[in-house]
Student: 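This is the structure, below, for whatever I ask next.
On a predicted model such as this, the values are computed, not experimentally measured, just so you know. In what follows, chains are A, B, ... by sequence order, proteins preceding strands, each numbered from 1.
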Number of protein chains: 2
Amino acid sequence: MFSIGKLSGSTGVKVPTIRYYEQIGILEEPDRSEGGQRVYGEEAKKRLSFIRHARELGFSLDEIRELLDLADDPNQNCMAAYEIAKRQLIEVRNRIARLTALQGELQRMLDQCSCNTIGTCRIIQVLSDHSLCTSEHLGTEAGCKAS
Amino acid sequence: MFSIGKLSGSTGVKVPTIRYYEQIGILEEPDRSEGGQRVYGEEAKKRLSFIRHARELGFSLDEIRELLDLADDPNQNCMAAYEIAKRQLIEVRNRIARLTALQGELQRMLDQCSCNTIGTCRIIQVLSDHSLCTSEHLGTEAGCKAS
DNA sequence: TCTACTTCCTCTAGTCGCTAGAGGTTCAAG
DNA sequence: CTTGAACCTCTAGCGACTAGAGGAAGTAGA
């Protein structure tokens with residue numbers, strides 16, 4: 001029996017995130033104390049750990065919802081889980097490929113920069129002119145900075 | 001002199017995205033036709049191509065704003081641009097490292113799955129129990145599926 | 001028991017980089 | 001002159017949280 005803070009501490013999932021998971025329905029509504037505060041048991045902890053681990057492995061919350069449904073029914077065939085994981089693996093591979101192309105391009109940019117004035121700066125030049133790039137780095141691999 | 005549609009076609013940036021860039025101030029407000037429609041010149045096209053290319057290379061719009069400011073002043077020292085690009089390269093390297101760990105873990109999960117029932121499914125087991133993982137895959141590399 | 005302090009509650013709004021849609025106007029071709 | 005595409009503004013939504021306001025509940029020490 002723990003409070004949301006203890007649950008957070010023991011799983012590494014932040015308190016507002018736990019409440020968010022409850023809100024979107026991937027975590028059950030827990031019992032409440034007399035004063036109305038959330039009280040969790042072991043089952044909730046297991047479920048939250050599962051979610052956290054799956055998030056770390058890059059699964060979306062929708063995929064996790066599916067995986068949790070599967071996990072709740074131990075007699076089902078696990079082909080569906082296999083498919084979800086396989087899709088994720090392919091996704092990860094693609095992202096690695098795109099990022100590797102980016103890495104090469106960035107490295108080349110930096111290598112060629114002699115750090116004089118902006119007017120002659122290779123970095124600015126390359127950004128201005130895609131044709132100066134060697135590889136294709138076309139993936140939309142942008143805007144998802146890890147925190 | 002082109003309309004927003006032509007600009008979109010020649011740069012590969014979608015029309016609403018161009019308007020969005022204007023709204024957040026990284027693209028100048030263009031002249032307007034008598035009827036009030038946007039009319040762009042070569043300069044806008046160059047700037048938008050720059051933005052697009054930088055986005056492809058994974059820079060955030062804030063970083064692009066900085067890079068554009070730098071590009072506008074050709075006498076400045078390009079150290080600042082170098083730093084921005086270097087930061088980005090480090091970021092990309094980190095993401096590759098995290099994703100590679102994920103990839104390994106997912107692969108291992110799939111390899112061990114014999115596809116019987118959920119009750120014995122290795123995928124579900126691994127997700128339930130982090131200690132079954134070999135490598136550390138702790139990065140928050142989640143939720144940013146490429147489109 | 002009182003007090004102080006931490007933790008908890010709900011609610012709303014913001015993050016990033018767009019994307020979608022409503023409801024209306026302008027433009028270009030035939 | 002008509003048609004239909006492209007344009008306009010505005011608001012709201014996506015995913016997965018994060019931040020903050022304003023207040024209630026729980027807990028540890030005096």
Side-chain angles (χ1 to χ4, degrees), chain A residues 1-27 29-40 44 48 51-66 68 88 91 95 139-147, chain B residues 1-27 29-40 44 48 51-66 68 88 91 95 139-147:
Chain A
M1 291 298 178
F2 10 76
S3 68
I4 197 169
K6 307 287 178 215
L7 183 65
S8 169
S10 69
T11 57
V13 179
K14 288 182 193 155
V15 169
T17 304
I18 297 174
R19 285 196 281 248
Y20 170 72
Y21 286 166
E22 182 186 325
Q23 191 194 309
I24 63 166
I26 65 171
L27 212 55
E29 292 187 24
D31 293 339
R32 299 284 182 138
S33 71
E34 293 207 359
Q37 303 198 350
R38 289 170 180 80
V39 179
Y40 296 92
L48 188 55
I51 295 169
R52 190 197 170 189
H53 195 195
R55 288 293 297 130
E56 282 173 5
L57 287 167
F59 292 95
S60 72
L61 290 176
D62 265 358
E63 286 166 335
I64 292 171
R65 213 188 294 263
E66 285 184 70
L68 281 168
Q88 178 62 17
E91 180 88 37
R95 290 213 274 147
T140 304
E141 190 59 45
C144 54
K145 310 256 169 187
S147 58
Chain B
M1 291 299 176
F2 9 76
S3 68
I4 198 169
K6 307 286 179 217
L7 183 65
S8 169
S10 68
T11 57
V13 180
K14 287 181 194 154
V15 168
T17 304
I18 297 173
R19 285 196 281 249
Y20 170 73
Y21 286 166
E22 182 187 325
Q23 191 195 309
I24 63 164
I26 66 170
L27 211 53
E29 291 187 24
D31 293 340
R32 297 284 182 139
S33 72
E34 293 206 358
Q37 302 198 352
R38 290 171 179 81
V39 179
Y40 296 92
L48 188 54
I51 294 168
R52 192 199 168 188
H53 195 194
R55 288 293 295 129
E56 283 173 4
L57 287 167
F59 291 96
S60 73
L61 289 176
D62 264 356
E63 286 166 335
I64 292 172
R65 212 189 295 265
E66 284 184 71
L68 282 168
Q88 178 63 15
E91 180 88 36
R95 291 214 275 149
T140 305
E141 190 59 46
C144 53
K145 310 254 168 188
S147 59

Student: For F59(B) and E63(B), work out which heavy atoms get closest and say how close.
Tutor: CA-OE1, 3.4 Å
Student: Using a cut-off of under 3.5 Å, enumerate the N/O to N/O pairs linking the protein to nucleotides 2-4 of chain D.
Tutor:
none

Student: Quick check against the 3.5 Å criterion: does Q37(A) have a side-chain atom that pairs as donor or acceptor with the backbone of R32(A)?
Tutor: no
Student: Is there a donor-acceptor pair closer than 3.5 Å between any side-chain N or O of T11(B) and the backbone N or O of L48(B)?
Tutor: no
Student: Which donor-acceptor pairs under 3.5 Å do the side chains of residues 15-24 of chain A make with protein atoms, sequence neighbours left out?
Tutor:
{"from": "E22(A)", "atom 1": "OE1", "to": "R38(A)", "atom 2": "NE", "distance (Å)": "2.7"}

Student: What is the distance from NZ of K6(B) to C1' of dC7(D), rounded to the nearest Å?
Tutor: 12 Å
Student: Give the rounded distance in Å between these two atoms: CG of D31(A) and P of dC8(C).
Tutor: 17 Å
Student: Between protein and nucleic acid, restricted to nucleotides 23-27 of chain D and to nitrogen or oxygen atoms under 3.5 Å apart, what atom pairs and distances do you find?
Tutor:
{"from": "dG26(D)", "atom 1": "OP1", "to": "S33(A)", "atom 2": "OG", "distance (Å)": "2.9"}
{"from": "dG26(D)", "atom 1": "OP1", "to": "G35(A)", "atom 2": "N", "distance (Å)": "3.2"}

Student: Please compare L61(A) and G5(B) by the position of their nearest nucleotide in DNA chain D and report the one closer to 5'.
Tutor: G5(B)
Student: In residues 11-24 of chain A, which residues come under 4.0 Å of DNA chain C by heavy atom?
Tutor: R19(A)
Student: Verify the contact: side-chain N or O of R32(B) to OP1 or OP2 of dT9(D), cut-off strictly under 4.0 Å; return yes or no.
Tutor: yes
Student: Within the structure, does a side-chain N or O atom of S3(B) lie under 4.0 Å from either OP1 or OP2 of dA6(D)?
Tutor: no
Student: With respect to the phosphate group of dC7(D), does any side-chain polar atom (N or O) of R38(B) fall under 4.0 Å of OP1 or OP2?
Tutor: no
Student: Decide yes or no for S33(B) and V39(B): does some side-chain heavy atom of the first lie under 4.5 Å from some side-chain heavy atom of the second?
Tutor: yes
Student: So if I take the C1' atoms of five pairs at each end of the helix from dT1(C)-dA30(D) to dG30(C)-dC1(D) and get each local axis, what angle do the two axes make, rounded to 10 degrees?
Tutor: 0°
Student: Would you mind reading off the distance between E56(B) atom CD and dC18(C) atom P, rounded to a whole angstrom?
Tutor: 11 Å
Student: Could you state the CD1-C1' distance from I4(B) to dA5(D), rounded to the nearest angstrom?
Tutor: 15 Å
Student: Who are the salt bridge (Lys or Arg N to Asp or Glu O under 4.0 Å) partners of D62(A), not counting sequence neighbours?
Tutor: R65(A)
Student: What is the distance, rounded to the nearest whole Å, between atom CD1 of I64(B) and atom C1' of dC18(C)?
Tutor: 13 Å
Student: Under 3.5 Å, which N/O atoms of the protein pair with N/O atoms of nucleotides 28-30 of chain C?
Tutor:
none

Student: Could you measure the distance from the OG atom of S8(B) to the OH atom of Y40(B)? Nearest 0.5 Å is fine.
Tutor: 10.0 Å
Student: If I compare all heavy atoms of L61(B) with all of R55(B), which pair ends up nearest, and what's the gap?
Tutor: CD2-CD, 3.6 Å
Student: For the CD atom of E91(B) and the OG atom of S60(B), what is their distance to the nearest 0.5 Å?
Tutor: 9.5 Å
Student: Rounded off to whole Å, could you give me the CZ-to-C1' distance for the R55(B) and dT19(C) pair?
Tutor: 14 Å
Student: Calculate, to the nearest 0.5 Å, the distance between atoms CD1 and CD1 belonging to I26(B) and I64(B) respectively.
Tutor: 6.0 Å
Student: Report the distance from atom CD1 of I51(A) to atom P of dC17(D), rounded to the nearest whole Å.
Tutor: 10 Å
Student: Once you round it to whole Å, what is the distance between C1' of dC9(C) and CD of E29(A)?
Tutor: 14 Å
